[in-house]
Amino acid sequence: MDKNKNYIELEKLCRELGVDIFGVADIKEIKQDFLIADKILAKVDRAICFGSRLTHGILEELADTPDRLYYHHYKTVNAFLDQAALRLGNYIQDKGYLALPIAASQIVDWDKLKGHLSHKRIGYLAGLGWIGRNNLLVHKTLGSQFRLVTVLTDMPLKTDKPIKDGCGPCRACIEVCPAKAIKPDPEDFNLQLCFAKLKEFQNAHLVDQYVCGLCLKCCKGRG
Ligand code: SF4
Ligand code: SF4
């Protein structure tokens with residue numbers, strides 16, 4: 001049971017599949033919040049979280065609302081991540097361990113707008129970035145221009161730690177948010193205002209899901 005060796009093998013596979021960022025979180029303290037059966041949760045204590053960047057040209061094409069080109073890209077990146085999570089899960093299973101690939105984008109609690117778990121929260125614990133003023137995970141070189149997926153497992157794996165970093169003096173996303181949901185203090189992010197704007201975009205048939213993309217277009221990290 002070599003935690004480091006397993007970590008290296010899984011990261012190598014993910015990189016070969018085309019994944020851009022990779023980390024592993026210890027989920028013992030947070031798994032009670034997941035919307036997953038207790039009997040499975042009792043067995044898993046590691047979450048492999050990995051991400052794929054969004055394409056600059058698609059983001060540059062966005063103006064002041066989301067559009068069909070961005071929406072298709074959003075779905076394509078999620079589908080790629082779901083496929084990669086499936087491949088990684090099968091690899092882990094072939095090694096004799098449990099694996100649960102969790103959908104990159106799927107709401108299962110519509111009242112609270114929650115998925116089975118928060119990839120953002122797990123990505124933070126896995127050291128992939130900090131929670132920015134835009135309420136998204138911000139990676140030091142990719143900014144918020146990526147999507148995430150998670151695979152839960154009982155495979156012995158070394159874990160990463162949250163990074164001590166933050167937005168610093170950057171305020172780029174505050175001005176571009178059409179909902180005025182982003183504030184100087186990340187704690188003051190107004191989820192209700194953001195969500196109302198996402199609904200507006202969907203009701204106007206600009207996109208078929210609650211997506212926007214405007215605050216991540218301007219979030220380019222520090223690299
Ligand atoms: S997703 Fe859109 S509405 Fe929500 S905070 Fe970002 S820019 Fe504002
Ligand atoms: S655009 Fe700047 S202020 Fe906004 S989340 Fe990104 S790094 Fe933070």
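Predicted, not measured: the structure shown is a model, and the values here were computed from it. If you read the sequence from its start, that first residue is 1, and numbering goes on from there. Ligands are counted one by one from 1 in listed order, and the atoms in each one are counted from 1 as well.
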Listed partners of R133 passing salt bridge (charged side-chain N to carboxylate O under 4.0 Å, His left out), at least two apart: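 Per chain and number, R133 pairs via salt bridge (charged side-chain N to carboxylate O under 4.0 Å, His left out) with no residue.
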Heavy-atom pair of closest approach, residues I27 and A47: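 So the minimum-distance heavy-atom pair works out to CG2-CB, 3.5 Å.
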Option nearest atom 2 (Fe) of ligand 2 (shortest heavy-atom distance, choices P184, P186, C170, G143): C170
Atom indices of ligand 2, in the order listed, that fall short of 4.0 Å to a heavy atom of C219: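 Contacts of ligand 2 toward C219, numbered from 1: 1 (S), 5 (S), 6 (Fe), 7 (S).
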Atoms in ligand 2 flagged as close to C167, the criterion being non-hydrogen separation under 4.0 Å: 3 (S), 5 (S), 7 (S), 8 (Fe)
N-O pairing of K12 and E9 below 4.0 Å: no
Sidechain N-carboxylate O distance under 4.0 Å for D208, R68: yes
Trace of the side-chain contact (heavy atoms from CB on, under 4.5 Å) decision for H56 with Q145: CA-CA 8 Å; H56 289 161; Q145 299 180 359; 3.4 Å; yes
Which of the ligand 1 atoms, numbered from 1, are nearer than 4.0 Å to a heavy atom of F189: 5 (S)
Test item: H73 side-chain N/O and I58 main-chain N/O as donor-acceptor pair under 3.5 Å: no
Sidechain-backbone polar pair: S52 side chain, V19 backbone, donor-acceptor under 3.5 Å: no
Pair F50 and F146, ring centroids less than 6.0 Å apart: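 Ring centres of F146 and F50 not closer than 6.0 Å.
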Every N, O or S from the protein that is nearer than 2.8 Å to atom 6 (Fe) of ligand 1: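 For atom 6 (Fe) of ligand 1, the protein N, O and S atoms that sit under 2.8 Å away are C215 SG.
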